[in-house]
Amino acid sequence: EKSDEENTQNSKEQNNEQSKEKEDMSEEELKLEKEHFEKIINAFLYYKVYARGELQRLWHNYTVLPKHHQSYLKTYPAHINCCYEAVDKNTKFLESIVGNAVGVFENSEISEFDPSSASTTLHEASGFDMTKVYTTLKQFFRDWSKEGAEERKMCYGPIIREILEQFPSSKCQPSSVKILVPGSGLGRLAFDIAHLGYYCQGNEFSMYMLIASNFMLNRCSEIGGHVIYPWVLQSCNNYTKQDQLSAIHFPDVNPSDLPYYGLFS
């Protein structure tokens with residue numbers, strides 16, 4: 001039989017081993033999070049390569065058509081050139097997002113990186129990751145563009161009306177009402193709620209959205225200061241080819257314009 005002293009020593013060693021395992025797991029999780037962050041940064045920066053490849057594919061499909069078929073698409077070459085220009089403008093915007101993502105997660109080394117180095121060490125992004133980039137660009141339409149006002153009215157309007165009905169300023173202090181917005185995307189609904197004076201916190205799982213919303217909420221103040229073309233690679237569900245080149249202008253409001261009593265995070 002072991003003495004009490006031996007049992008105590010074994011217990012201490014076991015606790016030390018468990019603590020070390022937890023510490024190692026934490027380091028491993030941190031490593032995985034940083035790798036995931038770097039993958040998202042790479043996907044944003046890889047957009048130009050991928051998008052130009054898609055346009056080259058469309059151009060190739062055009063060039064292999066019989067000449068008499070091409071004659072029905074006389075404006076198509078000029079349209080493709082416009083698409084290249086739109087891709088370049090989207091690229092500059094995405095580069096701005098990446099450039100402002102350094103240190104986005106405070107008190108963590110996950111988001112510490114060199115943007116210039118990241119842009120020169122690109123590797124091929126998956127189709128899944130590029131779809132996420134497209135989705136992020138399209139989200140700017142609904143959340144922050146003047147062109148998306150009607151869609152916001154339909155999506156967010158009922159929620160805001162319910163909040164105002166349940167917690168009217170005539171019966172309560174709005175800043176004392178805490179509201180959580182799960183799946184907050186680029187943060188517009190949470191912003192609008194906070195703009196009414198409520199204590200609002202947005203919660204988002206997608207790091208694509210977190211990085212983009214950081215740029216939108218913390219680096220954009222000029223109304224209509226950005227123009228992008230979210231549908232430039234969308235060659236279906238268009239009434240005309242000009243729909244593919246539809247531009248959006250944003251933000252339609254100043255994201256930093258909150259009442260002093262509105263709490264937002």
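Heavy-atom basis, side chains included; hydrogens, waters and symmetry copies ignored. Every value quoted in this text rests on a predicted model; they were computed, and no experiment measured them.
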For this session: Could you grab the distance from atom OH of Y199 to atom OG of S175, nearest 0.5 Å is fine?
Result: 10.5 Å
For this session: For the pair D243 (side chain) and T240 (backbone), establish whether a donor and an acceptor sit closer than 3.5 Å, ignoring hydrogens and angles.
Result: yes
Seminar exercise, completed: Rounding to 0.5 Å, atoms CG (L186) and CG (L217) come to a distance of 8.0 Å
Exercise. Can you name the ring-ring contact (aromatic ring centres under 6.0 Å, His included) partners of F191, sequence neighbours left out?
Worked result: W144, H195
Exercise. Going by heavy atoms in the side chains, are L196 and P174 under 4.5 Å from each other?
Worked result: no
For this session: Output yes when a side-chain donor or acceptor of E147 lies under 3.5 Å from a complementary backbone atom of H249, and no otherwise.
Result: yes
Exercise. Distance from I211 atom CD1 to L94 atom CG, nearest 0.5 Å?
Worked result: 11.0 Å
Exercise. Linking I/L/V/M/F/W/Y whenever any side-chain heavy atoms sit under 4.5 Å apart, do L164 and I193 land together?
Worked result: yes
Problem set entry | Residues forming a side chain to side chain donor-acceptor pair (under 3.5 Å) with E204, sequence neighbours excluded | none
Exercise. Given the rule in the side chain to side chain contact (heavy atoms under 4.5 Å, CB included) test, do I228 and F250 qualify, once you have shown the distances and angles that lead to the verdict?
Worked result: CA-CA 9 Å; I228 60 172; F250 62 96; 3.6 Å; yes
Exercise. What pair of heavy atoms forms the shortest contact from A101 to I41, and how long is it?
Worked result: CB-CD1, 4.1 Å
I'd like a table of donor-acceptor pairs (distance under 3.5 Å, sequence neighbours excluded) in which one partner is a side-chain atom from residues 148-159, with atom names and distances.
residue: R152; atom: NH1; partner: R142; partner atom: O; Å: 2.9
residue: R152; atom: NH1; partner: S145; partner atom: O; Å: 2.8
residue: R152; atom: NH2; partner: S145; partner atom: O; Å: 3.1
residue: R152; atom: NH2; partner: D252; partner atom: OD2; Å: 2.9
residue: Y156; atom: OH; partner: R142; partner atom: NE; Å: 3.4
residue: Y156; atom: OH; partner: R142; partner atom: NH2; Å: 3.3
residue: Y156; atom: OH; partner: D143; partner atom: OD1; Å: 2.6

Problem set entry | Separation of I40 CD1 from L45 CG (nearest 0.5 Å) | 12.0 Å
Problem set entry | Derivation of the side chain to side chain contact (heavy atoms under 4.5 Å, CB included) call for N203 and V181 | CA-CA 6 Å; N203 180 272; V181 179; over 6 Å; no
Exercise. Are Y50 and L122 in one and the same hydrophobic cluster, where Ile, Leu, Val, Met, Phe, Trp and Tyr link if side-chain heavy atoms are under 4.5 Å apart?
Worked result: yes
Problem set entry | Matching residue for Y47 among D129, T91, N90 - test: side-chain hydrogen bond (donor to acceptor under 3.5 Å, both in side chains) | N90
Problem set entry | Selection residues 44-55 - residue pairs positive for salt bridge (charged side-chain N to carboxylate O under 4.0 Å, His left out), sequence neighbours left out | R52-D88, E54-R57
For this session: Locate the shortest heavy-atom distance separating C220 from N254; write the atom from each residue and the value.
Result: O-OD1, 3.9 Å
Seminar exercise, completed: Shortest non-hydrogen pair, V177 vs C172, comes out as CG2-SG, 3.9 Å
Exercise. Quick check: does any side chain N or O of N238 sit under 3.5 Å from a backbone N or O of Q234, one acting as donor and the other as acceptor?
Worked result: yes
For this session: Using modelled atom types only, decide if a donor and an acceptor are shared between the side chain of K89 and the backbone of Y229 within a distance under 3.5 Å.
Result: no
Exercise. Which residues satisfy the salt bridge (charged side-chain N to carboxylate O under 4.0 Å, His left out) test with R161, sequence neighbours excluded?
Worked result: none
Exercise. With no hydrogens and no angle check, is any side-chain donor or acceptor of N42 less than 3.5 Å from a backbone partner on H123?
Worked result: yes
Problem set entry | Under 3.5 Å donor-acceptor, K34 side chain and E112 backbone | yes
Problem set entry | Within-4.5 Å side-chain heavy-atom neighbours: I248 and V227 | no
For this session: Would you confirm whether N100, through its side chain, and N214, through its main-chain N or O, come within 3.5 Å as a donor-acceptor pair?
Result: no
Exercise. Does F93 have its ring centroid less than 6.0 Å away from the ring centroid of F215?
Worked result: yes
Seminar exercise, completed: In this structure, CD of E162 is separated from CZ of F167 (nearest 0.5 Å) by 9.0 Å
Problem set entry | Validation row: E38, F113 side chains within 4.5 angstrom (heavy atoms) | no
For this session: Over all heavy atoms of both residues, which pair between V232 and C83 is shortest? Give the atoms and the distance, please.
Result: CG2-O, 3.6 Å
Problem set entry | Over 12 non-hydrogen atoms of neighbours within 6.0 angstrom of CD in E35 | yes
Exercise. Within the distance-only criterion (no hydrogens, no angle test), does the side chain of S256 pair as donor or acceptor with the backbone N or O of S221 below 3.5 angstrom?
Worked result: no
For this session: Apply side chain to side chain contact (heavy atoms under 4.5 Å, CB included) to the pair S96 and K92, showing each step before the final yes or no.
Result: CA-CA 6 Å; S96 296; K92 288 182 179 179; 5.7 Å; no
Show the atom names and distances, to 0.1 Å, of all donor-acceptor pairs under 3.5 Å that link a side chain in residues 71-78 to residues at least two apart or in another chain.
residue: S71; atom: OG; partner: H68; partner atom: O; Å: 2.5
residue: T75; atom: OG1; partner: K241; partner atom: NZ; Å: 3.0

Exercise. With a 4.5 Å limit on heavy-atom distance, are the side chains of T131 and T135 in contact?
Worked result: yes
Exercise. To the nearest 0.5 Å, how far apart are NE2 in H226 and CE in M216?
Worked result: 6.0 Å
Problem set entry | Pair F37-M207, side chain to side chain contact (heavy atoms under 4.5 Å, CB included): steps then yes or no | CA-CA 7 Å; F37 177 84; M207 198 172 287; 3.5 Å; yes
Problem set entry | Closest heavy-atom pair and its distance - S213, G185 | CB-O, 3.9 Å
For this session: For S176 and Q173, indicate whether the former's side chain and the latter's backbone hold a donor-acceptor pair under 3.5 Å.
Result: yes
For this session: Treating Ile, Leu, Val, Met, Phe, Trp and Tyr as nodes and any side-chain heavy-atom pair under 4.5 angstrom as an edge, say whether V102 and L30 lie in one connected cluster.
Result: yes
Seminar exercise, completed: In terms of heavy-atom contacts, G225 and P251 come closest through N-CD, 4.2 Å
